[in-house]
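The structure appears below as structure tokens.
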Amino acid sequence: MNNIFFKSMVLKQGFYHRNVLQVARDLLGCRLIVKSEMGMVSSIICETEAYDGEQDLACHACKGKTKRTSIMYDCGGVWYVYLCYGMHWMLNIVTGPKNYPATVLIRGTRDFSGPGRLTRNLGLDGSLHGKPAVPSSGLWIEDIPKKKSPEILTGPRIGVDYAGKEWAQKPYRFWFS
DNA sequence: GGGAGGATGGAT
DNA sequence: TCCATCCTCCCA
């Protein structure tokens with residue numbers, strides 16, 4: 001059965017308090033849900049990237065805690081949204097325990113490819129920054145029971161060559177086959 | 001206060 | 001390959 005209203009479950013905050021690589025994997029196949037005055041829209045997450053702590057030179061927190069990155073030091077389960085190239089909103093979910101800056105970038109869903117187009121099409125922007133991923137915030141994620149585990153592929157993250165060979169090449173991008 | 005550059009995407 | 005477009009961060 002594919003009855004999402006019957007079987008889907010809002011991801012608990014504890015889901016996000018785990019290792020960022022595990023969260024990035026487990027988010028694949030989950031349903032991202034937006035609720036606004038326009039109604040409710042959802043799409044299955046099919047591509048993510050992990051950014052793992054201050055030692056990760058591709059992670060914004062590699063320069064330490066700043067005004068922009070301070071939200072990454074919160075406990076997992078809140079949205080980290082920032083503007084890229086002056087026009088694209090990037091949607092990330094903070095993961096891990098408090099004071100460990102790690103996030104998962106939601107790069108694409110079944111209906112929208114690319115992190116910039118995803119947010120544009122879903123009408124998401126910086127107003128969500130810092131809010132928790134729960135229904136009352138208007139943006140949250142639900143799990144969908146799967147009959148079998150999907151085959152997950154990994155590869156280097158996109159657009160982070162500046163981070164140096166070691167970190168740019170780590171297989172921190174996850175997507176479906 | 002200035003300047004460089006960026007977790008993109010669309011046009012050329 | 002180029003570039004729109006603007007926020008953040010670093011440096012002076």
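Below, chain A is the first sequence line, B the second, and so on; all start at residue 1.
- Regarding Leu57(A), its CG atom lies at a distance of 17 Å from the P atom of dG5(B), rounded to whole Å.
- Minimum interatomic distance between Thr69(A) and His60(A) (heavy atoms only, all atoms of both residues): CG2-O, 3.5 Å.
- Apart from Trp175(A) itself, the hydrophobic cluster it occupies contains Leu153(A), where clustering links Ile, Leu, Val, Met, Phe, Trp and Tyr at side-chain heavy-atom distances under 4.5 Å.
- Pairing each heavy atom of Cys30(A) with each of Asp143(A), the nearest pair is SG-OD1, 3.7 Å.
- With Glu142(A) contributing its side chain and Ile33(A) its backbone, the two residues share no donor-acceptor pair below 3.5 Å.
- Rounded to a whole angstrom, the distance from the P atom of dC2(C) to that of dG5(B) is 16 Å.
- No donor-acceptor pair closer than 3.5 Å links the side chain of Arg110(A) to the backbone N or O of Cys46(A).
- Heavy-atom minimum distance, Ser137(A) versus Lys131(A): OG-CB, 4.0 Å.
- Screening residues 113-128 of chain A for side chain to side chain donor-acceptor pair (under 3.5 Å), with sequence neighbours left out, gives Asp125(A)-Ser127(A).
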Would you give me the side-chain donor-acceptor pairs under 3.5 Å for residues 88-96 of chain A, sequence neighbours excluded?
residue, atom, partner, partner atom, Å
Asn92(A), ND2, Tyr80(A), O, 3.2
Asn92(A), ND2, Met90(A), O, 3.4

Next item on the list: Both distances under 3.5 Å, Watson-Crick or G-U wobble: on that basis, could you give the dot-bracket string for DNA chain C, with [ ] for crossing pairs and | for other-strand partners?
Entry: ||||.||||||.

Under 3.5 Å, N/O pairs linking protein and nucleotides 6-9 of chain B:
residue, atom, partner, partner atom, Å
dA7(B), OP1, His60(A), NE2, 2.6
dA7(B), OP2, Tyr162(A), OH, 2.3
dA7(B), N9, Tyr82(A), OH, 3.2
dA7(B), N7, His60(A), NE2, 3.0
dA7(B), N1, Asn92(A), OD1, 2.5
dA7(B), N3, Tyr82(A), OH, 3.4
dT8(B), O3', Gly116(A), N, 3.4
dT8(B), O2, His88(A), NE2, 2.5
dG9(B), OP1, Gly114(A), O, 3.3
dG9(B), OP1, Pro115(A), N, 3.0
dG9(B), OP1, Gly116(A), N, 2.8
dG9(B), OP1, Arg117(A), N, 3.2

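- The pair Lys170(A)-Asp52(A) does not meet the salt-bridge criterion, since no charged nitrogen lies less than 4.0 angstrom from a carboxylate oxygen.
- In this structure, Trp167(A) and Asp56(A) approach most closely via the heavy-atom pair CE3-OD1, 3.4 Å.
- With a cutoff of under 4.0 Å to any heavy atom of chain A, the contacted region of DNA chain C is bounded 5' to 3' by dA4(C) to dC10(C).
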